[in-house]
Peer 1: 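Before we start, here is the structure in question, set down as structure tokens.
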There are 2 protein chains.
Amino acid sequence: MTERVSGASVTLLDVARAAGVSLATASRALNGSTRKVRPDLQERVLAAADALHYSANAQAQAMARGRTDIVGLIVSDVGDPYFSTIAAGAIRAAEQHRLVVTIACTFGREDRELDYVAALRSQRARAVIVAGSRVQDKALIERLGAEVRSFEQSGGRVAFISQRRIEADTVVLENRAGARALAEELCGLGHRRFAVLAGRPDLLTARDRSTGFREAATRAGARIEPSDIVHGGFTRDGGYAAMIELLDRGTDATCVFAVNDVMAVGAMAALRDRGVSLPSGMAVAGFDDIITLRDVSPALTTVRLPLEELGVWALDMVLQEPADQPRVRRVRGEVVLRESTPKLT
Amino acid sequence: MTERVSGASVTLLDVARAAGVSLATASRALNGSTRKVRPDLQERVLAAADALHYSANAQAQAMARGRTDIVGLIVSDVGDPYFSTIAAGAIRAAEQHRLVVTIACTFGREDRELDYVAALRSQRARAVIVAGSRVQDKALIERLGAEVRSFEQSGGRVAFISQRRIEADTVVLENRAGARALAEELCGLGHRRFAVLAGRPDLLTARDRSTGFREAATRAGARIEPSDIVHGGFTRDGGYAAMIELLDRGTDATCVFAVNDVMAVGAMAALRDRGVSLPSGMAVAGFDDIITLRDVSPALTTVRLPLEELGVWALDMVLQEPADQPRVRRVRGEVVLRESTPKLT
DNA sequence: CTGAAAGCGCTTACAG
DNA sequence: CTGAAAGCGCTTACAG
């Protein structure tokens, strides 16, 4: 048992000496294209590394090689199942390529995306994936675009998941079309008066869903009163509060569309708390098809998005060489009708 | 507009030259203890850095400084709300200390924790937090312990969230006590025959909860038939399958305890699919109090764990200097009775 | 307060 | 196939 000072690390040089070879050979034996070092030396190096419990300094390797194995993922909140599912997909895919993913959360302060991209550039991350919704803010988009360009200029790759507002590869979510399809199905069920819990008005994702829904509903001859559109947080509590607000205002809607599932669940809770029975007293629909929420009762009608795949696809994009034109992969949601929106009789 | 070769980066030396100072001064002006460089030089450096859009190479800094700002978080699956909530807490806390968190998922293969800790040692991460349950596997614990010691020896800090099986700081979850308390409350409601959806038998977390529940229930005079204990996955689908299995076996239990909330929700779905009405036909209880699941109906009785705080606390631990004795912070769950377990009349 | 220089731990042309 | 040496981009004693 040899004592070792805490904090002292075994270096490649130690390994080389122990194996009686040069630094270069030790390096090649451990990480180089194997076929170029004599088998016996190779073995000695491996044995020495093992005996010394050597662990290569990834920072030093990164610097010498000029690249890292880091890919950054920027989300609003990993605690939100929408993002944690995307993250799971990205991480799963990353691991197959021996990449490490770093997660940053803006917690709703979208301007922090700027800082995070900058930090990732400083880390010399291989790539960054920005998963949150773009916001309605020209100046902010402008600045983020500049930051993204800097990142790319230093050799990194960038992909977005949401809207195509910045010149970069992006997995475009067809929120508007999805919401439209949902509205049509709901009208098909007999509904003619809807309310919309629209979420944060500056978030494009919320906005697109709300707009799409209203377009299609109106076109199908349904009515949506201005007072039946309630804005608020894009969260469970936001959905709850918005539903309460709607009830307080008074509404004759027979179906309420919350722009995402967690809001829809919040709305259901509010309805229950106010003694409205579900789904007979009010039909409810959401968007996303969050897995953890598949078992709420009544089962929630929604627009399914392949969340885990979104993470995988974004990672795949970012692993490809940049194309002349930024790539776009469009993803259409699929309407899933369930118990929360029964046929109106 | 100056053309710049893609991949080429502005270095500190470029900044120093542009500002007409030495490398050392540039470094100090940018990151050193500010007070030691003449204001006018400082300003020139800052201006130059800005003009060149300089971004310090974090890898190089880390190497020169001998430490990084990375803390690794190892979980089973970020897609699971239990872990994503813990992760959110850890990330939030890390950001306050300008630390970056890296997330690794074992996806149920606990032996991968070994690889991840090793990788984190290679990254020279400042610390690692292991959040998943320990497993019943002496050899594995032994090896992980060795890996942890190596990590600490190279100057890193380690904390666990779950059971205290390894010599390191840990946030200990009092699963057994929590499950006991739950069983007592349930008996207080009049139940005398229970079933337990016990999850993976090798996961200590699942085991402790199941054991604690059975102990207290039995002590209180309740009965749990061997056939009423069903093992399976520690997941939603595991809960669903276990409940179906239980129903197929036939049971006269009036209340079923699933060792975590997602399993409980799966069980509820199974009950519904089999036409059992809730909660009158079968009472259901879970464990964790997952926020996203707070709105299921009937509202789920459970044992609340301060999940987000667990992440915060673990991060705090890992930021402290190592103590002579590893620190232990015990966390007791709090029973929350809700609609899913009405009083038995 | 400032600068020249050594050093952090690797990788990789470049000779041999 | 192997090794000596330069270089990756910083930080930080050490002189001045």
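Residue numbering restarts at 1 for every chain, and letters A, B, ... go by the order of the sequence lines.
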Peer 1: Output a table of donor-acceptor pairs, distance under 3.5 Å, between side-chain atoms of residues 310-326 of chain B and any protein atom two or more places apart or on a different chain; print 'none' if there are none.
Peer 2:
| from | atom 1 | to | atom 2 | distance (Å) |
| --- | --- | --- | --- | --- |
| B:Q320 | OE1 | B:R327 | NE | 3.0 |
| B:Q320 | OE1 | B:R327 | NH2 | 3.3 |

Peer 1: Roughly, in whole Å, what's the span from CD in A:Q42 to C1' in D:dG3?
Peer 2: 17 Å

Peer 1: Just jot down the salt bridge (charged side-chain N to carboxylate O under 4.0 Å, His left out) partners of B:R38, sequence neighbours excluded, or say none.
Peer 2: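 By the salt bridge (charged side-chain N to carboxylate O under 4.0 Å, His left out) rule, B:R38 matches B:D40.
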
Peer 1: Which atom pairs, one a donor and one an acceptor, fall under 3.5 Å between side chains of residues 71-79 of chain A and the rest of the protein, sequence neighbours left out?
Peer 2:
| from | atom 1 | to | atom 2 | distance (Å) |
| --- | --- | --- | --- | --- |
| A:D77 | OD1 | A:G79 | N | 2.8 |

Peer 1: Got a donor-acceptor contact below 3.5 angstrom from the A:S133 side chain to the A:L204 backbone?
Peer 2: yes

Peer 1: Using a 3.5 Å limit on both pairing distances, list the dot-bracket string of DNA chain C from the 5' end; Watson-Crick and G-U wobble pairs count, crossing pairs take [ ], interstrand pairs take |.
Peer 2: |||.||||||||.|||

Peer 1: Have B:R121 and A:H53 got a donor and an acceptor in their side chains that come within less than 3.5 Å?
Peer 2: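 Checked: B:R121/A:H53 side chains pair up, N/O donor to acceptor below 3.5 Å.
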
Peer 1: Mind listing the side-chain donor-acceptor pairs of residues 112-119 of chain A below 3.5 Å, one per line with the distance, residues two or more places apart or on another chain?
Peer 2:
| from | atom 1 | to | atom 2 | distance (Å) |
| --- | --- | --- | --- | --- |
| A:R112 | NH2 | A:Y116 | OH | 3.2 |
| A:E113 | OE1 | A:R134 | NH1 | 2.8 |
| A:E113 | OE1 | A:R134 | NH2 | 3.3 |
| A:E113 | OE2 | A:R134 | NH2 | 3.0 |
| A:Y116 | OH | A:C105 | O | 3.1 |
| A:Y116 | OH | B:E95 | OE1 | 3.1 |
| A:Y116 | OH | B:E95 | OE2 | 2.5 |

Peer 1: So do B:F151 and B:L120 actually touch side chain to side chain, heavy atoms under 4.5 Å?
Peer 2: yes

Peer 1: Treat primed atoms plus P, OP1 and OP2 as sugar-phosphate and everything else as base, then score nucleotides 10-16 of chain D 5' to 3': B for base contact with protein heavy atoms under 4.0 Å, S for sugar-phosphate contact only, - for none.
Peer 2: BBBB---

Peer 1: Of B:V21 and B:M63, whose closest DNA chain C nucleotide lies nearer the 5' terminus?
Peer 2: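 First, find each residue's nearest nucleotide; the 5'-ward one identifies B:V21.
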
Peer 1: Using whole Å, report how far CG of A:D14 lies from P of C:dC8.
Peer 2: 11 Å

Peer 1: What's the gap between C:dT12 and C:dG16 when it is taken at their C1' atoms, as a whole Å value?
Peer 2: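 It comes out at 16 Å once rounded to the nearest Å.
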
Peer 1: Just by modelled atom types, is the A:R67 backbone N or O under 3.5 Å from a matching donor or acceptor in the A:R124 side chain?
Peer 2: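 Not at all, since once roles are kept as given, no pair shorter than 3.5 Å links the two residues.
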
Peer 1: Within this structure, what is the CZ-to-P distance between A:R17 and D:dT2, rounded to whole angstrom?
Peer 2: 20 Å

